[in-house]
Amino acid sequence: MAVLDPAPAPSAGDGPLRVAVIGAGPAGFYTAGALFKQDDVDVRVDMFNRLPTPYGLVREGVAPDHESIKAVTRVFDRTGDDDRFRFFGNVSIGGDLSVQELQAYYHMLVYAVGAQSDRRLGIPGEDLAGSHPATIFVGWYNGHPDFADLDFDLSHQRAIVIGNGNVAVDVARILVRSVDELAATDMADHAVTALQNSRVREVVMLGRRGPAQASFTSAELKEFGQLAGVEVSVAAEQLELDDTSQALIDEERRVRRNLEILADFAGRERTGANRTIELRFLASPVEILGTDGQVTGLRIERNRLETGADGYQRAVGTGEFETLDCGLVLRSVGYRGVAIPGVPFCERRGIIPNEQGRVTDGPGGSVRPGEYVVGWIKRGPSGIIGTNKPDAVETVGHMLQDAGNLDREAVDPDPEAVVACLRERGIRFVSYEDWKRIDAEERARGEPHGRPRSKIVRIEDMLGVCQR
Ligand code: NAP
């Protein structure tokens, strides 16, 4: 397969290497940062982002009560302030500007668009009112403009969260956490108000496999047990492990720690707190039940684990069923990538096919010169924010190897050409200075209330702040 031969880096006479990074989340910023850190090639980076605001899931995904994780934006701002960097927020690639058009202005494109959709369960009732992907609930409480106008029915006592990852843990915690505490965070104002009026008191978090197979991390799990006014429970018999699961405890510190924390939860005295989180394992949703189009319950099947030849322990139904009443179901079974028009896409994995960051025509296909990929759209929705750093470094390494083989004639050398094109089309793009105005305004709105910021959640309002 045709991987480009390593070639000498281009000489200064070629002019700077012009790179477009599409997506302003952690993967995009780590890519720009890695390009600026190397000395061999003179690089200019233009970053395009569909929303006016940068930082991707650090702004729209990280839970509002995990403020310290957001400190990573300081690293991204160092890149944002670099003279070699320009930000074009509020520009949709594949919408306002096609990938083919972008290729006229840049030697290299890097897709850093993340995973913007969610996986489906494929069970009856999934689309009833009151059944939502957790990813949308997360976007809603974090003030993502796409979801700011949604309503979640929080009028029922019990909510069920399906999934055992960190997103499931986040949404379960947010549903029962004290609103006074949430009101001191940067949670979107509309979500604080809705949660103030919430009648949800019981959250059941459902894992299809056992506690040793859960993908949540220990610090996140432990936090359940520290929430004021919340009782966390798990039945002791749910923590009995088969031999293969027991072996996982010995192999992986995280699993061992998780089981210790769960054992602590199982042994706790009942406090009578009026908000609860119950963890249930080895249960799969089989149907979301409803009346008049609205969720009323969830039918689940008990599972047992079966170990395959590859050692993977999968959940197998036992034929025993149970129905749990609830008014809200949040399906937290993973994010999924979305195709960009004109760019290859692997439907099976929900990623852009690639070889260590070089985009290919399809899985195992030929490399497409000048097109690269980083982050979740490269490897799938896994890992923490920092995982995207080595991931970006790998892709950047290949970009630098390929830099000498580019057809530089094919690209308009004038950096203002893309700006003129956006202006001609009437696209109101947001620069990094503009973003800083939005940022300052949000902080100023939050400050009198002791909050880190009060988020602006409508794009028109963001653009209004930029124009002042
Ligand atoms: P995840 O860790 O992949 O969890 C997905 C969960 O969905 C798994 O428990 C999976 O179970 C379950 N699942 C999948 N299909 C299912 C089905 N048909 N029925 C029932 N359950 C099903 O993904 P995530 O929670 O969306 O998180 C994405 C990434 O972001 C992760 O790497 C996560 O650690 C990271 N993240 C980190 C933080 C943090 O650091 N605080 C916060 C949020 C997210 P199986 O294991 O059985 O497949």
Side-chain angles (χ1 to χ4, degrees), residues 25-27 56-72 114-126 131-139 141-142 160-174 204-224 245 248 252 254-255 258 279-288 298-308 312-317 329-337 349-351 375-388 391:
L57 280 183
V58 176
R59 180 178 163 98
E60 280 109 26
V62 171
D65 54 347
H66 284 175
E67 180 66 21
S68 62
I69 295 179
K70 301 183 194 194
V72 70
Q116 295 171 54
S117 185
D118 56 278
R119 293 184 54 210
R120 296 205 29 110
L121 286 168
I123 60 171
E126 200 163 0
S131 159
H132 309 272
T135 54
I136 288 185
F137 186 65
V138 169
Y141 66 58
N142 276 328
I160 298 182
V161 177
I162 300 170
N164 260 343
N166 278 333
V167 171
V169 173
D170 278 347
V171 299
R173 185 181 70 252
I174 292 291
V204 178
M205 196 171 109
L206 216 59
R208 66 174 166 182
R209 297 193 292 155
Q213 290 76 30
S215 58
F216 45 64
T217 42
S218 308
E220 281 63 28
L221 177 64
K222 192 172 170 205
E223 211 181 340
F224 275 170
S245 300
L248 284 176
E252 210 185 314
R254 178 187 64 87
V255 177
N258 280 355
L279 292 111
R280 290 196 58 169
F281 298 99
L282 292 169
S284 275
V286 290
E287 182 175 1
I288 301 175
L298 181 71
R299 189 155 188 261
I300 59 175
E301 181 175 13
R302 299 221 179 102
N303 292 332
R304 61 182 172 78
L305 291 173
E306 197 174 86
T307 309
Y312 178 82
Q313 288 186 281
R314 77 189 174 94
V316 181
V329 173
L330 296 178
R331 309 175 325 251
S332 184
V333 296
Y335 286 83
R336 188 179 156 78
R349 295 188 58 202
I351 61 165
W376 279 5
I377 196 66
K378 169 185 176 185
R379 65 174 198 276
S382 67
I384 56 172
I385 293 165
T387 314
N388 294 298
D391 175 296

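Atoms within each ligand, like the ligands themselves, are counted from 1 in listed order.
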For this session: Please check if atom NZ in K70 has more than 12 non-hydrogen atoms from other residues, nucleotides or ligands closer than 6.0 Å.
Result: yes
Exercise. So which of I162, L279, I160, L330 actually passes side-chain contact (heavy atoms from CB on, under 4.5 Å) with M205?
Worked result: L279
Problem set entry | Between R254 and T217: side-chain donor-acceptor atoms closer than 3.5 Å | no
Exercise. With respect to F281, which candidate in N164, L206, N303 satisfies the side-chain contact (heavy atoms from CB on, under 4.5 Å) definition?
Worked result: N164
Seminar exercise, completed: salt bridge (charged side-chain N to carboxylate O under 4.0 Å, His left out) filter on R209, not counting sequence neighbours, yields none
Can you give me a line-by-line list of nitrogen or oxygen pairs between ligand 1 and the protein shorter than 3.5 Å?
unit_1: ligand 1; atom_1: 2 (O); unit_2: S215; atom_2: OG; d: 2.8
unit_1: ligand 1; atom_1: 4 (O); unit_2: S215; atom_2: OG; d: 3.4
unit_1: ligand 1; atom_1: 7 (O); unit_2: S332; atom_2: O; d: 3.4
unit_1: ligand 1; atom_1: 9 (O); unit_2: N164; atom_2: N; d: 2.9
unit_1: ligand 1; atom_1: 15 (N); unit_2: R208; atom_2: NH2; d: 3.4
unit_1: ligand 1; atom_1: 25 (O); unit_2: N166; atom_2: N; d: 3.3
unit_1: ligand 1; atom_1: 25 (O); unit_2: V167; atom_2: N; d: 3.1
unit_1: ligand 1; atom_1: 32 (O); unit_2: G383; atom_2: N; d: 2.7
unit_1: ligand 1; atom_1: 32 (O); unit_2: G383; atom_2: O; d: 3.2
unit_1: ligand 1; atom_1: 34 (O); unit_2: N166; atom_2: ND2; d: 3.1
unit_1: ligand 1; atom_1: 41 (N); unit_2: E220; atom_2: OE2; d: 3.0
unit_1: ligand 1; atom_1: 46 (O); unit_2: R209; atom_2: NH2; d: 2.9
unit_1: ligand 1; atom_1: 47 (O); unit_2: R208; atom_2: NE; d: 2.8
unit_1: ligand 1; atom_1: 47 (O); unit_2: R209; atom_2: NE; d: 2.8
unit_1: ligand 1; atom_1: 48 (O); unit_2: R208; atom_2: NH2; d: 2.7

Exercise. Does the side chain of N166 reach to within under 4.5 Å of the side chain of S215, using non-hydrogen atoms?
Worked result: no
